[in-house]
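Here's the structure we're looking at; comments come further down.
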Amino acid sequence: MEVEQEGLVEHQPLEQDDLNFEKWKPKPKPKRTLHEKIDDLKTYLWNAETKEFMGRSGKSWSLILLFYAALYIFLAAMFAGCMCCLMWSISPYAPTYNDRVMPPGMTMFPHVDTAHGFDIAFNASDRSSWRRYAKTLEAHLKPYDDGLQGRRNIACKGNAYFMQEDLEESAERKACQFNRSSLGACSGLQDKDFGYSKGRPCILVKMNRILGYLPGQGTPVNVTCGLKKGSTEVLGEVKFFPNPNFDLRYYPYYGKLRHVNYSSPLVAVQFLNVQHDTPLHIQCKLNGKGIINDSPTDRFLGSVSFTLEVGA
């Protein structure tokens with residue numbers, strides 16, 4: 001028992017100085033001068049004693065550069081290989097997979113102010129109010145000049161699809177002429193003002209191009225225009241040039257790489273005696289087999305709507 005007591009260390013009470021925790025806090029490092037910081041930076045960039053640049057030897061830098069060079073060369077080669085396989089598997093002339101062709105949309109000219117949609121408002125007696133509409137129509141019809149169409153395209157007869165599937169995939173397809181003169185009073189040849197100076201405005205409507213699409217399933221698609229709401233009397237007589245139909249001989253469309261000189265067929269619509277100073281909400285529709293013109297989500301699918309207001 002006495003031996004055990006001798007082995008015990010007598011507990012010593014804590015000194016008052018030991019309870020001072022401030023002494024245990026790390027002492028702040030002395031502040032370095034700007035000159036010392038610059039010297040440290042120079043040593044980091046190039047250490048003359050160890051021959052190290054930014055903390056690494058020449059051998060270490062060589063191995064790092066070699067690794068990243070090999071890595072990026074491999075990634076570039078893999079990307080190039082994937083792109084080659086992709087380009088090899090697709091055709092530049094037609095989609096490889098085309099399981100569903102949407103019905104065509106519809107657009108109109110002139111539209112000179114996209115911020116306000118397809119709104120046409122003018123006074124027949126005020127040239128400045130309708131001049132921009134006439135200029136837009138003239139610019140759009142330039143490629144349809146008879147002389148230009150005669151040099152680029154062929155004269156087609158009949159009303160059947162112009163199929164050219166027997167040619168090689170890359171061969172250029174011929175296109176049928178669509179002559180500007182066929183638009184009559186809305187051609188800009190007989191009346192440079194397209195009827196706007198007389199309060200009888202013309203508009204142009206056309207179907208959007210869809211590669212390989214055969215509209216109407218063998219029957220020509222036609223255009224009708226009318227008021228969305230209200231009495232048809234305020235709209236007056238509506239005339240179509242050359243007729244309300246999109247003839248089948250202009251289809252199918254083979255794409256811009258093969259159908260280089262293709263000209264989309266147009267239908268010109270002239271409003272002969274609309275009621276003056278009345279905003280008319282007009283809708284032109286495509287009608288035919290397989291055509292959708294009453295979509296609640298896409299207002300340009302098979303139809304186009306605009307506001308027409310003619311002042312005296």
Side-chain angles (χ1 to χ4, degrees), residues 1-102 104-105 107 111 113-115 117 143 165 167-173 208-213 252-262 297-298 300-301:
M1 191 69 177
E2 293 178 357
V3 175
E4 293 179 356
Q5 289 179 353
E6 290 177 358
L8 292 174
V9 179
E10 185 179 356
H11 176 71
Q12 298 293 333
L14 292 173
E15 299 288 340
Q16 184 64 28
D17 190 45
D18 294 333
L19 297 177
N20 183 12
F21 294 105
E22 294 295 330
K23 63 180 280 187
W24 302 106
K25 291 183 178 180
K27 295 181 180 180
K29 296 181 180 180
K31 293 183 178 180
R32 295 182 301 167
T33 64
L34 178 61
H35 182 71
E36 291 175 336
K37 292 180 180 179
I38 294 175
D39 288 341
D40 290 343
L41 178 61
K42 290 180 179 179
T43 304
Y44 170 72
L45 293 176
W46 173 248
N47 192 324
E49 296 179 0
T50 60
K51 306 297 183 181
E52 291 179 346
F53 174 69
M54 298 182 69
R56 291 184 181 274
S57 64
K59 181 180 179 181
S60 177
W61 279 113
S62 299
L63 291 175
I64 290 176
L65 293 176
L66 180 63
F67 169 77
Y68 280 105
L71 174 64
Y72 286 116
I73 289 174
F74 170 75
L75 293 177
M78 184 173 66
F79 176 76
C82 292
M83 291 300 297
C84 287
C85 292
L86 176 64
M87 299 305 296
W88 175 79
S89 63
I90 62 176
S91 169
Y93 305 105
T96 304
Y97 302 103
N98 193 9
D99 58 348
R100 180 167 171 261
V101 176
M102 285 292 293
T107 188
H111 56 273
D113 190 357
T114 55
E165 302 294 338
L167 301 177
E168 294 183 4
E169 184 183 32
S170 60
E172 183 177 339
R173 268 56 174 179
N208 294 343
R209 298 177 182 180
I210 299 179
L211 194 69
Y213 181 64
Y253 171 60
Y254 288 97
K256 62 181 181 180
L257 292 181
R258 294 182 292 181
H259 241 156
V260 179
N261 296 320
Y262 180 81
T297 58
D298 189 348
F300 294 110
L301 185 60

Query raised in the report: What heavy-atom pair brings L211 and G255 nearest, and what distance separates the two atoms?
Result: CD1-N, 3.0 Å
Requested in this report: Indicate the atoms forming the closest heavy-atom contact of P104 with N208, along with that distance.
Outcome: CB-O, 4.0 Å
Report task. Find out whether Y254 and E165 are in side-chain contact, i.e. whether some heavy atom of one side chain is under 4.5 Å from a heavy atom of the other. Result -> yes
Report task. To the nearest 0.5 angstrom, please state how far the CG atom of L66 sits from the CG atom of L71. Result -> 11.0 Å
Report summary line: Heavy-atom closest pair (L167 atom, R173 atom, distance to 0.1 Å) is O-NH2, 3.7 Å
**Report entry** Closest non-hydrogen atom pair between R258 and E172, with its separation
**Finding:** O-CG, 3.3 Å
Show which side-chain atoms of residues 76-95 pair as donor or acceptor with protein atoms under 3.5 Å away, not counting sequence neighbours.
unit_1	atom_1	unit_2	atom_2	d
S89	OG	C85	O	3.2
S89	OG	L86	O	2.8
S91	OG	Y93	N	3.1
S91	OG	E169	OE2	2.7

**Report entry** For F300, ring pair (Phe, Tyr, Trp, His ring centres under 6.0 Å) partners two or more places apart
**Finding:** F118
Query raised in the report: So Y72 and Y68, would you call those rings parallel, tilted or perpendicular, with 30° and 60° as cut-offs?
Result: parallel
Query raised in the report: Is there a donor-acceptor contact under 3.5 Å from the side chain of Y253 to the main chain of K256?
Result: yes
Report task. Write down the atom of M54, the atom of W61, and the distance for their closest heavy-atom approach. Result -> CB-CZ2, 4.0 Å
